[in-house]
Amino acid sequence: MSQCFYNESIKFFYNNSGKELYDTWRTKDMLVVGLGLTVCVFVLLFNLLVIAAIIINRRFHYPIYYLLGNLAAADLFAGVAYTYLMFHTGPNTSKLTIKTWLVRQSLLDTSLTASVANLLAIAVERHQTIFTMQLHSKMSNQRVCILIACIWIIALLLGLIPSFGWSCICNISTCSRMAPLYSRSYLIFWAVSNLVAFLIMMGVYMHIFIYVKRKMTRMSQHTSSQPKYRETMINLMKTVFIILSAFVICWTPGQVVLLLDGLNCKSCNVLAVEKYFLLLAEINSVINPIVYSYRDNEMRNTFKQILCFFCNRGSKYSPTSLKSTNTERRILSDNGHLMRECSL
């Protein structure tokens, strides 16, 4: 019968896994915390701005923007979780109990998984919209809400599973090095789940990329093709490239390191790079609002109006001024709103 160690300290598990705990702040720790908190500030501010823009501007009250808002909410939660981690890392780790340590990691796992799930949902939505040449997705608000709820349920389940028993507290021989209270089998499951989602998203966007490239080739053979549409296709290809590049750069290293640790790779020095790769994954929460929102002209203008409203209280800028009128909506539609919408 296996013995459980619920009454042991965090140091016990760290010593068991061979991960050192220091009583004083090292230069490396201070550098990571300083960079991490700086990233958190930008994550919180940028994603709050995205959420505010989507709430205020009625032209963003469509399924794709609801998903973008949920992505911003997930990234905002990631910023909060990472901020909590920064204040409970280094020498402060030894002060944690088993429960608070699991809470710290669950917050991080839940937020990062929610971000990945949102990226996947947006990829599928863009694929459907672009291939059917629709102005907006045919999903009803009810379906979007159900999709968003499913995203958070999946994220919570993946993040909270260790707290409900899938840990190594009762089988310390299976403890991982990067997360000394986590079972290596859970790290494999979590890393593989995210990598599979990544591969699906890669496939979806590559399909979009190939479709757009072929469409542009056919359009180039006809001089009468709408220049606005061709420009939109080019912007779409750039957006796809940025999305794929950012996701690969920010997420793949951390997932690979987690998988190697889960596979108990003895020759892999995963502890030397874990904090930097986690920081790199968090940077993706800053990139997301830029890639998905800032490239939208209407979103960018809404950002400016929000910032001007707070900088110049009492001026002509107000939340109500951000709501488009029916005339504005009609003019934008007649001048290629569909084309701009597809550039997301």
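What you see is a predicted model; the values in this text were computed from it and never measured.
- For the atom pair Tyr14 OH and Lys11 NZ, the distance stands at 12.0 Å (nearest 0.5 Å).
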### Task
Check the pair Lys19, Arg177 against side-chain contact (heavy atoms from CB on, under 4.5 Å), reporting the backbone distance first and the verdict last.
CA-CA 6 Å; Lys19 187 174 184 178; Arg177 284 178 291 169; 5.7 Å; no

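- Scanning both residues, Val204 and Ala123, for their nearest heavy atoms gives CG1-O, 3.3 Å.
- Between Phe12 and Ile172, the closest side-chain pair of non-hydrogen atoms falls below 4.5 Å.
- Between the CG atom in Asn141 and the OH atom in Tyr62 there is a gap of 10.5 Å [rounded to 0.5 Å].
- Heavy-atom minimum distance, Ala121 versus Leu147: CB-CD2, 4.2 Å.
- In this structure the side chain of Ser115 never reaches within 4.5 angstrom of the side chain of Phe77, judged on heavy atoms.
- Not one N or O on the side chain of Arg104 forms a donor-acceptor pair closer than 3.5 Å with the backbone of Thr93.
- The hydrophobic cluster containing Val124 does not contain Ile210, counting ILVMFWY residues as joined when their side-chain heavy atoms lie under 4.5 angstrom apart, directly or transitively.
- Side-chain contact between Phe198 and Leu119 is absent, with no heavy atoms from C-beta onward closer than 4.5 Å.
- Between the Thr89 side chain and the Met86 main chain, no donor and acceptor come within less than 3.5 Å of each other.
- Arg214 forms no cation-pi arrangement with Tyr211, by the criterion of a distance under 6.0 Å to the ring centre and an angle within 45° of the ring axis.
- Remark: side-chain polar atoms of Ser183 are not paired, donor with acceptor, to backbone N or O of Cys175 under 3.5 angstrom.
- If you chain together hydrophobic residues whose side chains sit under 4.5 Å apart, Ile290 and Val248 fall into the same group.
- The distance from atom CG of Leu31 to atom NZ of Lys275, rounded to the nearest 0.5 Å, is 10.5 Å.
- Side-chain atoms of Asn118 come within 3.5 Å of backbone atoms of Ala114 as a donor-acceptor pair (strictly under, hydrogens ignored).
- If you check the side chains of Asn284 and Trp251, you find a donor sitting under 3.5 Å from an acceptor.
- Contact check for Phe46 versus Val50: no side-chain heavy atoms found under the 4.5 Å cut-off.
- Note on Ile146 and Ile148: separate hydrophobic clusters, where clusters join Ile, Leu, Val, Met, Phe, Trp and Tyr whose side-chain heavy atoms are under 4.5 Å apart, directly or indirectly.
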### Message
ring-ring contact (aromatic ring centres under 6.0 Å, His included) for Phe13 and Trp101? Distances and angles first, verdict last.
### Response
CA-CA 11 Å; Phe13 292 96; Trp101 189 94; 8.5 Å; no

### CA sep, side-chain torsions, deciding dist, call: Thr110, Trp152, side chain to side chain donor-acceptor pair (under 3.5 Å)
CA-CA 8 Å; Thr110 299; Trp152 284 104; over 6 Å; no

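- Applying the 6.0 Å contact sphere to CZ of Phe87 captures no more than 12 heavy atoms from other residues, nucleotides or ligands.
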### Task
Test side chain to side chain donor-acceptor pair (under 3.5 Å) on Asp109 and Tyr182 and set out the steps.
CA-CA 12 Å; Asp109 294 345; Tyr182 276 8; 3.1 Å; yes

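- The shortest distance between side-chain heavy atoms of Arg184 and Leu263 does not fall below 4.5 Å.
- Residues passing the side-chain hydrogen bond (donor to acceptor under 3.5 Å, both in side chains) test with Thr113 are Trp190, sequence neighbours excluded.
- In the displayed structure, Arg143 atom CZ is contacted under 6.0 Å by at most 12 heavy atoms of other residues, nucleotides or ligands.
- Under the 4.5 Å side-chain heavy-atom criterion for Ile, Leu, Val, Met, Phe, Trp and Tyr, Leu156 and Val80 are members of distinct hydrophobic clusters.
- Distance check, rounded to the nearest 0.5 Å: CG of Leu71 to CG of Leu67 gives 9.0 Å.
- When side chains are defined from C-beta on, Met299 does not count as touching Arg59, because their heavy atoms never get closer than 4.5 Å.
- The distance from the CE atom of Met202 to the OG1 atom of Thr252 is 8.0 Å, given to the nearest 0.5 Å.
- Formation of a donor-acceptor pair under 3.5 Å by the Asn47 side chain with backbone atoms of Ser285 is found in this model.
- Here the side chain of Thr100 pairs no donor or acceptor atom with the backbone of Leu96 at under 3.5 angstrom.
- For Thr174 (side chain) and Asn171 (main-chain N/O), a donor-acceptor pair under 3.5 Å exists by modelled atom type.
- Counting only heavy atoms from C-beta outward, the side chains of Leu108 and Leu278 approach each other to under 4.5 Å.
- Thr97 OG1 to Asn7 CG: the interatomic distance, rounded to the nearest 0.5 Å, is 11.5 Å.
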### Query
Can Glu20 and Tyr22 be said to form a side chain to side chain donor-acceptor pair (under 3.5 Å), step by step?
CA-CA 6 Å; Glu20 293 185 80; Tyr22 296 91; 3.2 Å; yes

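- Of the listed residues (Leu187, Val256, Leu271), just one forms a side-chain contact (heavy atoms from CB on, under 4.5 Å) with Asp261, and that residue is Leu187.
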### Derivation of the side-chain contact (heavy atoms from CB on, under 4.5 Å) call for Val270 and Cys265
CA-CA 9 Å; Val270 295; Cys265 178; over 6 Å; no

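- Judged by distance alone, the side chain of Ser167 and the main-chain N or O of Ser163 form no donor-acceptor pair under 3.5 Å.
- Between Tyr186 and Phe189, the two ring planes are tilted [angle within 30° to 60°].
- Proximity of a side-chain donor or acceptor of Asn194 to a complementary backbone N or O of Gln255 within less than 3.5 Å is not detected.
- Taking the six-membered ring wherever Trp is involved, the centroid distance between the rings of Tyr84 and His88 falls below 6.0 Å.
- Considering Val41, Val39, Leu45 in turn, Val39 is the only one that fulfils the side-chain contact (heavy atoms from CB on, under 4.5 Å) rule with Val43.
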